[in-house]
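Down below is the structure, laid out as structure tokens.
Remember, it's 1-based here, ligands and their atoms both numbered in the order they're listed. Since this is a predicted model, take the numbers as computed values, not measurements.
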Amino acid sequence: MRPALVIFDCDGVLVDSEPISNRLFVAHLNRAGFPFTLEECYRELLGRSMASCEALLAARFGRKLPEGFIAALQADTYAALAAEVETMPGVPAALDALEAAGLPYCVASSGEFAKMRATLGRTGLLPRFEGRMFSATQVARGKPHPDLFLHAAAEMRAGPARCAVIEDSVPGIRAAAAAGMRALGYAGGTHADAGGLAAEGAETFSEMSALPRLLGIS
Ligand SMILES: [Mg+2]
């Protein structure tokens, strides 16, 4: 069924930022004396807000991240993203199809606005999302809680039951389900985990070219 609003996750859905972000996250953790592997980073932190990552890491290691850690990591990450990140394959064409069908869309990310501006700016997608960007920093609880998607839907004047969410992470799929929204699991990235997304009840797909059909506009 055709939704009233499509809510895109940003990292790993619109832009191929996860390989860059996770590589730098692990490098900074290891340098600060926290033994954490790339595989663990993808499995445990993917799709979560920085506040949520901080809490998980503190619980796991029994000590907090050092003073200034997040600021240094974010500065390094945003610079690398602004220089290197690319769109996920087929994203501009999929957005063209939504626009041609008059189907509104927005982005709702666990990342900060500065991160979205870096990645969407570098890839040329930013003009399409001006005024339609929402960040976990605007709500009390990040994904897997429904707060961010409900905030985006309210701002875009769409009822939750008529929203479709495009997500690549398990916390994101859980957040969509908790918000009462249709969850579409994009498993086209290098970190794709179609089985994990499907286990959460998402309809999975791996090519953006399939999106117009899944959304009932082609
Ligand atoms: Mg994501």
- Partners passing side-chain contact (heavy atoms from CB on, under 4.5 Å) against Ala51 (at least two apart in sequence or in another chain): Ser49
- Working for salt bridge (charged side-chain N to carboxylate O under 4.0 Å, His left out), residues Arg122 and Glu86: CA-CA 8 Å; Arg122 147 90 184 166; Glu86 304 289 348; 2.9 Å; yes
- Message: Once you measure the plane-to-plane angle for Phe205 and Tyr186, does it fall in the parallel (<30°), tilted (30-60°) or perpendicular (>60°) bin?
- Response: tilted
- Item | Pairwise salt bridge (charged side-chain N to carboxylate O under 4.0 Å, His left out) hits with a residue in residues 4-26, at least two apart | Asp9-Lys143, Asp11-Lys115, Arg23-Glu84
- Query: With a cut-off of 2.8 Å, which protein N/O/S atoms are close to the Mg ion (ligand 1), if we only count those under it?
  - Reply: Asp9 OD2, Asp11 O, Asp168 OD1
- Query: Quick one: CZ on Phe25 to CD1 on Ile20, what's the gap to the nearest 0.5 Å?
  - Reply: 15.5 Å
- So side-chain hydrogen bond (donor to acceptor under 3.5 Å, both in side chains) across residues 96-106, not counting sequence neighbours, yields Asp96-Arg128, Glu99-Tyr105, Glu99-Arg128
